[in-house]
Amino acid sequence: MAFDRRKRNDGPEGALSSLADEELMTLVARGEARAFETIYERHCGVAFSLAYRMCGTRSLAEDVAQEAFLSIWRSGARYDRARGSVRTWVLGIVHNRAIDALRRTVVHERRRASDEGIEERFEARERTDVEAARREEAETIKGMLDALPEEQSRVIELAYFGGFTQSEIAAMLDAPIGTVKGRMRLGLEKLRGQLAPQGAIP
Amino acid sequence: MIGNETNGHARYGDDVAPWLLGALPDEEREAFERHLAGCGRCREEVSTLRPAVEALPLAATPVPPPPALRTRIMGSVASEAELLQAAGESADRPPRDRRRRPLFEWLRPGLAAGLAAAAVAVGALGYLIGEGTEPSARSVAADVTFGHASATVRTKGDQAELRLTGMPAPPPGKVYEVWLEHDGQMPRPAGALFLVRSGAVTIPGGLKGASRVLVTAEPSGGSLVPTSRPVIVADTA
């Protein structure tokens, strides 16, 4: 079904785009489709990138992103601004959906995106300022992850992007669960320390 | 008691990082969340480490989402927004008592129960016979609002049922109601109300060519038009 803009009386195109995410979510909770569309426009890029990084295939990433955004639309009333930004909330939902999808998949069928392939395709696109800024942000945070001791970045990546449970990770690395938990904590503490001074916390 | 909190913390304190990273299996996650609700130390640690985890998704290499994704998502959103609007408008019109009239009020209670039992029996029989050669079954996975629930619409010939796992209980005083939607029209009651959280719900008379099956929470007794956002949506076209 076509999305009919004329049915809405939100005024000129610019009216919604000047609203903050939090204000838009109030409209989404009342069932305003155009407010939701603006939220989608602002966050679909980073949401899809996360889904793709976790799922490793375009089709699964699309399913996960679609499921996540529709659940955001249907549960808009549950956004609580006291608990963080809309972007963080959206990404949290995408992350949960992707983990569910990965855990439904048999372990040996799991494929993760190799970052190199994407790099090339992205390079070939004509870059806008927004894309360039996003790319720079991604590079910065990736750099911080890479700066962690390998054993720490490994467990964080397996858990967060791989969707593996702590016991699966322990088995994979042939390490006690307590050690895995400890590496996760140390890694996150260091990452937190790196973020703070540069004000890079989103 | 301080002693209890310390004991609990000794047991759960190490779970902060794995919990933030989503690495706890469901059971342990729930146990940790119960502990977290009452442990100031863990909550403090969560708020210290959370920004690190919130930065992680931004490390994913940017990949532009396909335009078709937006078309699909906004297609569903637009039709649900219309549905919601229509429900809001018609909900204003009839007097309150009429609007809340149960779907099967005109049936004597005994007859209603008899029909329901017959529907279940037919459904079960159809299921057993159908396992053989004809007609072939078709399953469509539905979108469910609740993260840990899933739903499937299963059809075989003109039989249809909704299979559920892990649905939360409906809000107090409400039941779940199944709706059939034919391309762009207002959804009509499918004649199925349910409270079950897992199991199969028969859709009496099948899908009758509906393009979507919806489930909403409604006042007990059911409604004639949906009065809340769908929690389950299955595209059966």
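Chain naming here is simple, since letters A, B, ... match the order of the sequence lines and numbering starts at 1 in each.
You'll find the side chain of B:Pro57 stays beyond 4.5 Å of the side chain of A:His95, heavy atoms only. Side-chain contact between A:Leu191 and B:Leu49: absent, with no pair of heavy atoms (C-beta onward) separated by less than 4.5 Å. With contacts defined as side-chain heavy-atom distances shorter than 4.5 Å, the pair B:Val63/A:Arg58 qualifies. Using a 4.5 Å heavy-atom cutoff, the side chains of A:Gln66 and B:Leu69 are in contact. Within the 4.5 Å cutoff, the side chain of A:Tyr52 has no heavy atoms near those of the B:Pro65 side chain. With contacts defined as side-chain heavy-atom distances shorter than 4.5 Å, the pair B:Val77/A:Glu37 does not qualify.
For chain B, the nearby part of A:Arg30 is the backbone; its heavy atoms alone come within less than 4.5 Å. Heavy atoms of A:Leu145 lying under 4.5 Å from chain B belong exclusively to its side chain. Contact annotation for A:Asp100: only side-chain heavy atoms (C-beta onward) come within less than 4.5 Å of a heavy atom of chain B.
Proximity of a side-chain donor or acceptor of B:Arg229 to a complementary backbone N or O of A:Ala29 within less than 3.5 Å is detected. In this structure, A:Arg134 contributes its side chain and B:Leu58 its backbone to a donor-acceptor pair below 3.5 Å. Between the side chain of A:Arg53 and the main chain of B:Thr61, no donor-acceptor pair closer than 3.5 Å is present.
Nearest approach of B:Ala60 to A:Ser49, heavy atoms of both residues: CB-O, 3.7 Å. The heavy-atom pair separating B:Pro51 from A:Arg192 by the smallest distance is CG-NE, 3.3 Å. B:Pro18 and A:Lys181 make their closest contact through CG-CG, 3.8 Å (heavy atoms, listed as atom of the first residue, atom of the second, distance). Heavy atoms only, all atoms of each residue included: A:Glu62 and B:Pro66 are closest at OE2-CG, 3.2 Å.
In terms of heavy-atom pairs under 4.5 Å with chain B, the best-connected choice from A:Glu67, A:Arg97, A:Glu189 is A:Arg97. Per-residue heavy-atom pair counts under 4.5 Å with chain A were compared for B:Val16, B:Val144, B:Val53, and the maximum is reached by B:Val53. Among A:Ala138, A:Ala47, A:Ser71, the residue making the largest number of heavy-atom pairs under 4.5 Å with chain B is A:Ala138. Contacts with chain A were tallied for B:Glu28, B:Arg50, B:Glu80, B:Glu45; B:Glu80 has the most, counting heavy-atom pairs under 4.5 Å. Residue with the most contacts toward chain B among A:Phe36, A:Tyr40, A:Phe69: A:Tyr40 (heavy-atom pairs, distance under 4.5 Å).
The distance from the CE atom of A:Met184 to the CG atom of B:Asp15 is 10.0 Å, given to the nearest 0.5 Å. Atoms CG and CD1, from B:Leu56 and A:Ile141 in turn, are 8.0 Å apart once rounded to the nearest 0.5 Å. Atoms OG1 and CG, on A:Thr165 and B:Leu21 in that order, are 12.5 Å from each other to the nearest 0.5 Å. Separating the CG atom in B:Asp14 from the CD1 atom in A:Ile177 is a distance of 11.0 Å, to the nearest 0.5 Å. One finds the OG atom of B:Ser228 at 12.5 Å from the CZ atom of A:Arg74 (value rounded to the nearest 0.5 Å).
Environment of CZ in B:Arg29: crowded, with over 12 heavy atoms of neighbouring residues, nucleotides or ligands closer than 6.0 Å. The number of heavy-atom neighbours closer than 6.0 Å to CD of A:Glu136, taken from other residues, nucleotides and ligands shown, is 12 or below. The number of heavy-atom neighbours closer than 6.0 Å to CD of B:Glu33, taken from other residues, nucleotides and ligands shown, is above 12. Other residues, nucleotides and ligands contribute only 12 or fewer heavy atoms inside 6.0 Å of the CZ atom of A:Arg154.
We find that B:Glu54 and A:Arg87 are not joined by a salt bridge, their nearest charged nitrogen and carboxylate oxygen being 4.0 Å or further apart.
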